[in-house]
Amino acid sequence: MMPPDLQQLCETYFTIDTKEGPDKVVPLAEAVRTLVRPGMSIHFSFTHYRAHGAAYEIARQFWGKDPGFTLVATGILEYGIILVYGKLIKKAIAAFYGDTYPTSGPNPILQQAFSDGSVELENWTNLTIPLRLMAAAYNLPCISTNSILGSTMEQENRHAYHLVEDRRLPGGKAGLMNPLHPDLTIIHGWVADPYGNTILLPPYGENAWGAYASKEGVLVTVEKIVTTDFIRKYSHLVKIPGHLVQSVSVVPFGAHPQGMSNQGIPELGAYEEDQRFRLDFREASKNRRHFEEWVNEWVLSCTGQAEYLDKLGYTRLMALKGMSDRDAWVYDLKSKTRKEVLDEAYTPSELMVVITSRIIRENVRSKGYRNVLAGIGISSLASSLAYYWLKNNDHEYIDLLVETGFYGYAARPGDPFIFNLANIPTNKKQSDFVEILNLFAGGNNNQCLGVLATGQVDKYGNLNSTRFEDGRYLVGSGGSNDVTSGAEEVIIVLKQSAKRFVETLPYKTSRGYRVRSLVSNLGVFEKPERDGEFVLTRCLPNETYPTLEEKIQNIKAHCGWELKVSDHIEEVAPPTRDELGIIRLLDPLGHFIS
């Protein structure tokens with residue numbers, strides 16, 4: 001038996017409390033009023049979701065006050081578009097500016113703000129922003145990157161990007177970036193204890209580097225408050241320790257219209273992305289009067305998150321929870337699939353998907369690529385078709401990657417959106433931007449094939465997804481520059497016209513050194529050498545131009561440069577019934593293939 005005095009000491013000093021540290025739980029309105037002030041550099045952190053509820057509250061408190069915020073983010077989506085529209089933002093530092101669902105595209109509200117100069121912007125990439133935050137978190141003077149080199153961003157960002165000599169690399173140059181220190185980071189997590197120890201669930205996107213990089217700490221919103229005992233139980237999922245946190249606010253559905261996956265803690269009540277809401281937002285932004293009405297209805301007229309949720313309604317919210325079930329896609333697919341779908345003629349987009357998929361399969365077989373990293377749209381659809389075809393016909397396996405942290409996923413039928421939450425439970429590994437874009441695409445054991453769509457391409461494979469000739473803004477790099485800078489080889493898929501296949505790009509988002517193949521709706525173009533020009537090597541089926549010579553002349557007519565043609569042109573076979581069936585199950589509503 002332990003002596004009584006020692007027993008007393010043991011109970012007094014060694015008992016682990018269920019709640020530790022000061023209580024930082026405050027209403028969101030109070031947190032914003034206390035921590036957010038005009039002129040701040042605010043980082044909206046991105047894991048797989050963003051703090052939309054917090055952005056709405058900032059909009060309510062600062063609307064019409066010209067606070068002059070600098071907005072730091074990898075992607076400026078709905079939350080940022082609202083803040084830009086309300087003239088709360090004077091400068092944006094991001095990698096992607098625009099709409100993402102179901103396909104990426106420019107947003108008219110952002111385009112107008114960038115065109116009239118009311119918002120200054122810096123263009124970076126999905127990898128370089130987290131790396132700069134990481135440098136700030138580690139208190140480093142700089143951090144190196146393989147991205148940006150040779151792009152227009154290299155010239156634009158000389159205030160924070162510097163070239164140095166490195167004889168080990170092609171061209172003998174390497175890039176160094178300055179650290180990025182926002183004043184305040186805002187992040188939506190799953191749960192936190194009252195002190196602020198916060199759990200984020202994968203995939204992790206930027207991860208939590210912004211929380212460690214911020215000068216004034218973190219404003220946290222969560223779905224619910226838990227005990228410190230709960231935090232200890234899931235300590236391997238705690239990404240933000242409480243000492244970094246300034247406040248914690250309970251904001252249910254705080255990521256809406258984005259969803260929340262419960263991967264890692266299945267007892268938490270996940271909810272699906274509200275894609276109808278996102279489509280309504282996208283449609284409203286095409287007309288400023290309609291958008292003003294939308295913002296007034298969903299943001300400014302709501303006193304807070306509770307009223308916002310009341311407006312969404314119980315039925316809609318419960319449907320989003322039900323749609324997050326692991327097998328919900330089965331029932332969703334049945335409601336979308338039409339009986340006559342296999343009898344319909346293939347579209348030009350379907351033709352591009354099928355041919356791109358075949359080229360992916362050829363590269364996997366001949367060059368041994370094990371990872372395939374695709375972007376949003378038909379590039380991801382082609383990669384999924386290649387995955388299923390290789391698995392079921394050739395018994396050969398590849399791992400599909402998504403930049404935000406999906407590794408080894410299998411796309412679920414019904415919704416081809418690459419960030420579909422239904423895909424998350426199929427991952428073999430949960431990861432983040434830095435691992436996917438810096439390790440698997442570009443690391444020491446690089447076995448990665450990139451597949452991308454873009455806005456424009458030149459004859460050397462350089463890409464533009466940032467600005468047109470007339471100054472109109474597209475969407476920025478996102479992860480495309482990182483993929484073309486790191487993957488062993490890159491395939492581009494792009495509908496062909498002389499305005500897209502151009503002699504000279506108005507903006508070079510990504511250089512074409514690693515781009516080796518280009519697939520259009522008319523032909524396939526290949527580069528024999530990395531620094532060479534595209535050569536037409538294959539013609540796609542085209543009933544309007546039955547002979548090979550007619551096909552070649554039509555392809556030349558839709559190309560903005562003097563096209564080189566191979567001496568041995570192959571005529572590609574049309575899609576098979578099985579190929580069409582697979583992509584029509586993946587995309588039953590025709591978001592990408594119509």
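These values consider heavy atoms only, across backbone and side chains, with no hydrogens, waters or symmetry-generated copies.
- Remark: the backbone N or O of Ile569 is not paired with any side-chain donor or acceptor of Ser566 at under 3.5 angstrom.
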Practice problem: Quick one: do Asn107 and Tyr97 satisfy side chain to side chain contact (heavy atoms under 4.5 Å, CB included)? Show the steps, please. | Solution: CA-CA 8 Å; Asn107 181 275; Tyr97 303 85; over 6 Å; no

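- Asn146 and Ser485 share no donor-acceptor pair across their side chains, judged by distance under 3.5 Å alone.
- Within 6.0 Å of the NZ atom in Lys499, the count of heavy atoms belonging to other residues, nucleotides or ligands does not exceed 12.
- In terms of modelled atom types and a separation under 3.5 Å, the side chain of Thr128 and the main chain of Thr125 share a donor-acceptor contact.
- Shown here for Ile187 and Ser45, the closest heavy-atom pair between the two residues is CD1-OG, 3.5 Å.
- Taking 4.0 Å as the cut-off between side-chain N and carboxylate O, Arg278 and Glu273 count as a salt-bridged pair.
- Taking every heavy atom of both residues into account, Thr454 and Asn464 meet most closely at OG1-O, 3.3 Å.
- With hydrogens and angles ignored, the 3.5 Å screen pairs no side-chain donor or acceptor of Asn521 with any backbone N or O of Leu351.
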Quiz item: Would Tyr460 and Asp531 count as a side chain to side chain contact (heavy atoms under 4.5 Å, CB included) if you check the C-alpha gap in whole Å, the side-chain angles of each, and the deciding distance to 0.1 Å?
Solution: CA-CA 7 Å; Tyr460 302 108; Asp531 55 357; over 6 Å; no

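- One N or O on the side chain of Ser357 and one on the backbone of Ala386 form a donor-acceptor pair closer than 3.5 Å.
- A donor-acceptor pair under 3.5 Å is absent between the side-chain atoms of Arg132 and the main chain of Met177, judged by distance alone.
- Note that OG1 of Thr145 and CH2 of Trp124 are 9.0 Å apart. Values are rounded to the nearest 0.5 Å.
- Residues Asn363 and Ile491 are in side-chain contact: their nearest non-hydrogen atoms beyond the backbone lie under 4.5 Å apart.
- Residue pairs meeting the salt bridge (Lys or Arg N to Asp or Glu O under 4.0 Å) criterion with at least one member in residues 355-365, sequence neighbours excluded, are Arg358-Glu579, Arg361-Glu579, Glu362-Arg538, Arg365-Asp394.
- For the pair Pro588/Lys334, no side-chain contact is recorded, criterion being any heavy-atom separation below 4.5 Å from C-beta on.
- Side chains of Thr547 and Glu550: a donor-acceptor N/O pair is present below 3.5 angstrom, by distance only.
- Across every non-hydrogen atom of Cys539 and Ile552, the tightest pair is SG-CG1, 3.9 Å.
- In this structure, Asp432 CG and Asn207 CG are separated by 4.5 Å, a value rounded to the nearest 0.5 Å.
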Quiz item: Step by step, would you call Val535 with Glu526 a side chain to side chain contact (heavy atoms under 4.5 Å, CB included)?
Solution: CA-CA 5 Å; Val535 177; Glu526 297 175 86; 5.9 Å; no

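- For the pair Asp399 and Tyr387, the minimum side-chain heavy-atom distance is 4.5 Å or more.
- His568 NE2: 12 or fewer foreign heavy atoms inside a 6.0 Å radius.
- Rounded to the nearest 0.5 angstrom, Arg500 CZ and Ser520 OG are separated by 11.0 Å.
- Note that CG of Leu77 and CZ of Arg282 are 10.5 Å apart. Values are rounded to the nearest 0.5 Å.
- Applying the 6.0 Å contact sphere to CD of Glu562 captures no more than 12 heavy atoms from other residues, nucleotides or ligands.
- Aromatic rings of Trp209 and Tyr204 (six-membered ring for Trp) have centroids beyond the 6.0 Å cut-off, not under it.
- Shown here is Lys391, whose NZ atom has more than 12 heavy atoms of other residues, nucleotides or ligands within 6.0 Å.
- The number of heavy-atom neighbours closer than 6.0 Å to NZ of Lys336, taken from other residues, nucleotides and ligands shown, is above 12.
- Contact of the Trp561 side chain with the Val502 side chain is not registered, since no non-hydrogen atoms from C-beta on lie closer than 4.5 Å.
- At least one donor-acceptor pair under 3.5 Å links the side chain of Gln258 to the backbone N or O of Arg50.
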Quiz item: Can you list the steps and then say if Glu350 with Arg584 is a salt bridge (Lys or Arg N to Asp or Glu O under 4.0 Å)?
Solution: CA-CA 9 Å; Glu350 286 179 318; Arg584 288 172 181 178; 2.6 Å; yes

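- Looking at heavy atoms from C-beta onward, Ile199 lies in side-chain contact with Leu201 at the 4.5 angstrom threshold.
- Contact record, Gly479 with Leu437: O-CD2, 4.4 Å, taken as the closest heavy-atom pair.
- Counted by atom type alone, Glu206 and His43 present one or more donor-acceptor pairs between their side chains at under 3.5 Å.
- The side-chain heavy atoms of Leu540 and Leu522, taken from C-beta on, include no pair separated by under 4.5 Å.
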Practice problem: Step by step, work out the side chain to side chain contact (heavy atoms under 4.5 Å, CB included) result for Leu586 and Phe592. | Solution: CA-CA 10 Å; Leu586 290 167; Phe592 299 164; over 6 Å; no

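- Considering every non-hydrogen atom in both Val72 and Leu180, the closest pair reads CG1-CD2, 3.6 Å.
- Centroid-to-centroid, the aromatic rings of His188 and Phe46 stay 6.0 Å apart or farther.
- Side-chain contact check for Asp415 and His591: no donor-acceptor pair (N or O, by modelled atom type) lies under 3.5 Å.
- Centroid-to-centroid, the aromatic rings of Phe501 and Phe525 come within less than 6.0 Å.
- Put simply, OG1 on Thr426 and CG on Leu400 are 8.5 Å apart, with the number rounded to the nearest 0.5 Å.
- Side-chain atoms of Asp458 come within 3.5 Å of backbone atoms of Asn462 as a donor-acceptor pair (strictly under, hydrogens ignored).
- Thr509 and Thr466 form a side-chain donor-acceptor contact under 3.5 Å, judged by distance and modelled atom types alone.
- When every heavy atom of Gly98 is checked against every heavy atom of Leu110, the shortest pair comes out as N-CD1, 3.6 Å.
- Checked for salt-bridge contact, Lys367 and Glu489 meet the test: a charged N lies under 4.0 Å from a carboxylate O.
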Exercise. Verify salt bridge (Lys or Arg N to Asp or Glu O under 4.0 Å) between Arg516 and Glu488, making sure each step is shown before the conclusion.
Key: CA-CA 10 Å; Arg516 301 301 295 268; Glu488 279 289 286; over 6 Å; no

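- A salt bridge links Glu435 with Lys429: the closest approach of a Lys/Arg side-chain nitrogen to an acidic carboxylate oxygen falls below 4.0 angstrom.
- Between the side chain of Trp190 and the backbone N or O of Ser261 there is at least one donor-acceptor pair closer than 3.5 Å.
- Considering only heavy atoms from C-beta on, Asn123 stays 4.5 Å or farther from Ser477 through its side chain.
- Taking CG of Leu421 as the reference point, atom CZ of Arg326 lies at 13.0 Å (rounded to 0.5 Å).
- Annotation: side chain of Arg511 is in contact with side chain of Leu149 (closest heavy-atom distance under 4.5 Å).
- The backbone N or O of Ile593 lies less than 3.5 Å from a partner atom in the side chain of Asp587, making a donor-acceptor pair.
- Put simply, the side chain of Lys551 never gets that close to the backbone of Thr544: no donor and acceptor are under 3.5 Å apart.
- Side-chain contact of Asn126 with Glu403: a donor-acceptor pair under 3.5 Å is present, judged by distance alone.
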Self-check item: Full working for salt bridge (Lys or Arg N to Asp or Glu O under 4.0 Å) between Lys173 and Glu165
Solution: CA-CA 5 Å; Lys173 301 285 185 180; Glu165 299 290 334; 2.6 Å; yes

